Chemist: 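Below is a structure I'd like to ask you about.
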Amino acid sequence: MLTSKEIMEIIPHRPPFLLVDRIDELEPGKHAIGRKCVSMNEPYFVGHFPGEPVMPGVLVMEALAQVGAVICLSLEQNKGKTVYFGGVNKARFRNKVIPGDVLTLEVEIIKCKGPLGVGMAKAYDGSKIFAEGEITFMVG
């Protein structure tokens, strides 16, 4: 398991934009499962939406991308580099993420050629799927 402090030693993201609280499983270069505990104190809830706080779907995808970045940057040859988000394909948002939800963030790298890669990503809690899609990235 990686704590938020250990995650920050791997990826450059910092609060309030660090969207992963911990990594529960990690196979560098291949697969990881992380967690995000969604709190009412998240800064985006001020305006999204007043009276009905909902985590923006793009931030759910960003949280998944950060787990993907941990996967890539945990490889010895990538230490100290940055992973850039290249795109999202086949994204589906199935349920709203609200304060109190605990997101399980699972990413599996399915293709990697040089600095470019693709990961299958899914955010869920038990059998409830919040979002899923294919994230593309480049290690720079």
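Because the structure is a prediction, the values reported are computed rather than measured.
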Chemist: When hydrophobic residues are tied together by side-chain contacts of less than 4.5 Å, even through go-betweens, does I129 share a cluster with V67?
Modeler: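 Hydrophobic grouping puts I129 apart from V67.
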Chemist: Please check if atom NZ in K79 has more than 12 non-hydrogen atoms from other residues, nucleotides or ligands closer than 6.0 Å.
Modeler: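 Above 12, so yes.
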Chemist: A side-chain contact here means heavy atoms from C-beta on lying under 4.5 Å apart; do I71 and V107 qualify?
Modeler: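 A side-chain contact under 4.5 Å exists here.
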Chemist: Any salt bridge linking E52 with K96? Criterion: basic side-chain nitrogen under 4.0 Å from a carboxylate oxygen.
Modeler: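 Salt bridge present between E52 and K96.
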Chemist: With rounding to the nearest 0.5 angstrom, report the CG to CZ distance, L2 to R35.
Modeler: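 Going from the CG atom of L2 to the CZ atom of R35 covers 13.5 Å.
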Chemist: Cluster question for you: counting only ILVMFWY and a side-chain heavy-atom cut-off of under 4.5 Å, with indirect links fine, are M40 and L18 together?
Modeler: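 Hydrophobic grouping puts M40 with L18.
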Chemist: Measure the OH-CG distance between Y124 and L105 for me, rounded to the nearest 0.5 Å.
Modeler: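 Reported value, rounded in 0.5 Å steps: 9.0 Å.
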Chemist: Of the options R94, R92, K122, which is the one that meets E132 in a side chain to side chain donor-acceptor pair (under 3.5 Å)?
Modeler: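 Answer to the side chain to side chain donor-acceptor pair (under 3.5 Å) test with E132 among R94, R92, K122: R94.
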Chemist: Can you get from I135 to L75 by hopping between Ile, Leu, Val, Met, Phe, Trp and Tyr side chains that sit under 4.5 Å apart?
Modeler: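 Looking at the clustering, L75 is in a separate group from I135.
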Chemist: So how far is it from T3 OG1 to D21 CG, rounded to the nearest 0.5 Å?
Modeler: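 The OG1 atom of T3 sits 10.5 Å away from the CG atom of D21.
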Chemist: Have a look at L103 and tell me which of V97, V20, D125 forms a side-chain contact (heavy atoms from CB on, under 4.5 Å) with it.
Modeler: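 Only one of V97, V20, D125 forms a side-chain contact (heavy atoms from CB on, under 4.5 Å) with L103, namely V97.
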Chemist: Is any side-chain heavy atom of H48 closer than 4.5 Å to a side-chain heavy atom of P53?
Modeler: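 H48 does not reach P53 side chain to side chain.
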Chemist: Decide whether V118 and L64 are clustered together by the hydrophobic rule: side chain heavy atoms of Ile, Leu, Val, Met, Phe, Trp, Tyr closer than 4.5 Å, transitively.
Modeler: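 Shared cluster, no.
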Chemist: Work out which heavy atom in M8 is nearest to a heavy atom in P15; give both atom names and the distance.
Modeler: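 Looking at all heavy atoms of both residues, the closest pair is SD-CD, 3.9 Å.
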Chemist: Using atom types as modelled and distance alone, determine if a side-chain donor or acceptor of D24 lies under 3.5 Å from a backbone N or O of G34.
Modeler: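 No, because the side chain of D24 does not come within donor-acceptor range (under 3.5 Å) of the backbone of G34.
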Chemist: Between G140 and Y84, what is the shortest heavy-atom contact and its length?
Modeler: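 Taking G140 first and Y84 second, the nearest heavy atoms are CA-CE1, 3.9 Å.
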Chemist: Which heavy atom of M55 sits nearest to which heavy atom of F45, and what is that distance?
Modeler: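 Smallest interatomic distance, heavy atoms only, reads N-CE2, 3.4 Å.
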Chemist: Would M61 end up clustered with F17 when hydrophobic side chains under 4.5 Å apart are linked, directly or stepwise?
Modeler: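 Yes, because M61 and F17 connect within a single hydrophobic cluster, where side-chain heavy atoms sit under 4.5 Å apart.
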Chemist: What's the verdict on side-chain contact (heavy atoms from CB on, under 4.5 Å) for V83 and M138, showing C-alpha distance, side-chain angles and the deciding distance?
Modeler: CA-CA 6 Å; V83 174; M138 183 176 81; over 6 Å; no
Chemist: Quick one: closest heavy-atom pair of G119 and F137, and the distance?
Modeler: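 Closest approach of G119 to F137: N-CE2, 4.2 Å.
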Chemist: Using 4.0 Å as the upper bound for N to carboxylate O, is an ion pair formed by K30 and E108?
Modeler: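 A salt bridge is absent here (no side-chain N lies under 4.0 Å from a carboxylate O).
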Chemist: If every non-hydrogen atom of G57 is compared with every non-hydrogen atom of F93, which pair is closest and at what distance?
Modeler: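 The pair with the smallest heavy-atom distance is O-CE2, 3.3 Å.
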Chemist: Going through the checks in order, is the side-chain contact (heavy atoms from CB on, under 4.5 Å) test met by V70 and I7?
Modeler: CA-CA 7 Å; V70 171; I7 293 167; 4.1 Å; yes
Chemist: Give, for atom CG of L26 and atom NE2 of H31, the distance between the pair rounded to the nearest 0.5 Å.
Modeler: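 If we round to the nearest 0.5 Å, L26:CG and H31:NE2 are 10.0 Å apart.
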Chemist: Does the side-chain contact (heavy atoms from CB on, under 4.5 Å) test come out yes or no for I11 and L73, once each step is laid out?
Modeler: CA-CA 7 Å; I11 64 175; L73 298 179; 3.9 Å; yes
Chemist: Should the pair E42-K36 be classified as a salt bridge under the 4.0 Å nitrogen-to-oxygen rule?
Modeler: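 Looking at K36 together with E42, the answer is yes, because their closest N to O distance falls below 4.0 Å.
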Chemist: For residues R22 and S4, is any side-chain donor paired with an opposing acceptor at under 3.5 Å?
Modeler: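 The criterion, which ignores hydrogens and geometry beyond distance, is not satisfied for S4 and R22.
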Chemist: Ignoring hydrogens and geometry, is there a side-chain-to-backbone donor-acceptor pair from T136 to G87 under 3.5 Å?
Modeler: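 Yes, the answer is positive, given that a donor and an acceptor are paired below the 3.5 Å cut-off.
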Chemist: Looking at every non-hydrogen atom in both residues, tell me the closest pair between E106 and I33 and how far apart they are.
Modeler: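 Looks like CG-CG1, 3.8 Å.
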Chemist: Calculate, to the nearest 0.5 Å, the distance between atoms NZ and SG belonging to K81 and C72 respectively.
Modeler: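 Between atom NZ of K81 and atom SG of C72 there are 11.0 Å.
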